[in-house]
2 protein chains.
Amino acid sequence: MKTETRQEEIIRVAAKLFKEKGYSAVTMRDLAKAMGIKAASLYNHINSKQDILNAIIISLAEEFTEGMKLIQSSNESCIDKLKKIIELHVRISSQNIYGMASLNNDWMHLEEKLDYYQKLRVDYEDDFRIILKDGIASGEIVNAQPEVMMFSILTTLRSLYIWVPKKEDLNLVELSNTLNQILVKGINK
Amino acid sequence: MKTETRQEEIIRVAAKLFKEKGYSAVTMRDLAKAMGIKAASLYNHINSKQDILNAIIISLAEEFTEGMKLIQSSNESCIDKLKKIIELHVRISSQNIYGMASLNNDWMHLEEKLDYYQKLRVDYEDDFRIILKDGIASGEIVNAQPEVMMFSILTTLRSLYIWVPKKEDLNLVELSNTLNQILVKGINK
DNA sequence: AAAACAAACTAACGCTTGTTAGTTTGTTTT
DNA sequence: AAAACAAACTAACAAGCGTTAGTTTGTTTT
């Protein structure tokens, strides 16, 4: 197990605070107090508050992009690809619930990295849409509006961070399966 | 049509700014500039920045509570109640997309009103859960984990504000129907 | 015409913000 | 023992924060 650098520790603690109050409401003095040091000392390890946010969000966004590219290039059925996407979100979200909160709520405070982030996001959604449209074309998926389907599924998956920690007892494979059933097969008998 | 007071106008404009940057990142000077006046002049109409957030969030939360109580006390089937809940969210969200953003993202910055808000929220979720459990008990709904179902549906509905404005062409009845189909019946054939 | 009111203004307040500069301390490498 | 380094510190900065006090201006009510 690789030991965490001081910089990584700061970023991890920052993500936790960002989840609770949002990026703008967390001060460098708040972060320093949570680390048990003075605010100025943070700058021995990080360049700026902004850089902390960049590090949290961009690494996560790239992880999602990588995952999607793998799924996209497989030749599984559309329904199986959706299952894989659900597993991707469950895995990443459970590994970094604090970072996922920043990704969801504080992306608009990215500055230099904002355009890059938004491109990753748009591309991800485009890939998702294509999977759904292929599924409709091949008759695997019901012919409803793919935009609404994508919104519904993706919103649920993006919000997993709110909810995953409360279910530590539930193992992640089981959670993926349940989500797959509910999101894909619906809830009525 | 009742004309808007200056105070209501400030609250409406504030909600729009809060949606874009979050409560903490919006300054009273930002808000004043958006209103075309100086920051100090805002205080002729409102008591504090905090009060603006309270007004936005609490009125919406109470609107949801009222709607839920009506649905709860009707004697419709569980599936029909779910449909009504979807319609409730579509209606309120489309009427106040900016306020819904604050409700979702800035509720933790409520201060005196935080406990009250959280009670409304917990009660709402309790009512929702009971509807699902009744549906499972009566065999209307598939016997999966009601917690996951509720999370999935409620997360989608709570995020409508992100997405409704892009679909102005789509009428709201149609959107409710499509959401109902996807959330309840699923997407696979 | 006088009084009252709504809604803007200027000026300033005390406090907090992110960040920098320079220094101290203790450990590790030469 | 000397040099280098990592990681903390104190002190301070300029800018921005929410908010208050007191004033001006123009309209509406008496």
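Chain A is the first sequence line, chain B the second, and so forth, proteins listed ahead of strands; every chain is numbered from 1. Scope of the values below: all heavy atoms of this structure, side chains included, with no hydrogens, waters or symmetry mates.
Taking the charged nitrogens against the carboxylate oxygens, B:K81 and B:D134 have no contact shorter than 4.0 Å, which rules out a salt bridge.
Separating the CZ atom of B:R6 from the C1' atom of C:dA8 is a distance of 9 Å, rounded to the nearest angstrom. Counting to the nearest Å, the P atom of D:dA6 and the CD1 atom of A:I46 are 17 Å from each other. Per the geometry, NZ belonging to B:K33 stands 17 Å off P belonging to C:dA8, to the nearest Å. Distance CG (A:L31) to P (C:dT16): 18 Å, rounded to an integer number of Å. Nucleotide D:dT24 holds its P atom 15 Å from the CG atom of B:N44, rounded to whole Å. To the nearest angstrom, C1' of D:dT24 lies 16 Å from CD1 of B:I37. In this entry the distance linking CD of A:E9 with C1' of D:dA8 reads 14 Å, nearest Å. Between the OH atom of B:Y43 and the P atom of D:dG18 there is a distance of 7 Å, rounded to whole Å.
Nearest to the side chain of A:H45, among C:dA7, D:dA7, C:dT19, sits D:dA7. Ranking D:dT19, C:dT10, C:dA8 by closeness to the B:K38 side chain, first place goes to C:dT10. For A:K49, counting side-chain heavy atoms from C-beta on, the closest listed nucleotide (C:dG18, C:dA7, D:dG18) is C:dG18. Comparing C:dG18, D:dA7, D:dG18 against the side chain of B:M28 picks out D:dG18 as the nearest. You'll find that the side chain of A:A40 is closest to D:dC9, out of D:dG18, D:dC9, C:dC9. Listed nucleotides: D:dC17, C:dA8, C:dC9. Nearest to the side chain of B:R29: D:dC17.
With a cut-off of 3.5 Å on both Watson-Crick or G-U wobble distances, the partner of C:dT25 is given as D:dA6. The partner of C:dT30 is D:dA1, judged by Watson-Crick or G-U wobble contacts that both fall below 3.5 Å.
Side-chain atoms of A:N177 and A:K83 include a donor-acceptor pair closer than 3.5 Å.
For the pair B:S41 and C:dC9, the criterion of a side-chain N or O lying under 4.0 Å from OP1 or OP2 is met.
Both A:T27 and B:A39 sit near DNA chain C, but only B:A39 has its closest nucleotide nearer the 5' end.
Considering only heavy atoms from C-beta on, B:E20 comes within 4.5 Å of B:L17 through its side chain.
A donor-acceptor pair is defined here as one N or O able to donate and one able to accept, closer than 3.5 Å; such a pair exists between the side chain of A:Q7 and the backbone of A:H45.
Here the CE atom belonging to B:M150 is positioned 7.0 Å from the CZ atom belonging to B:F128, to the nearest 0.5 angstrom.
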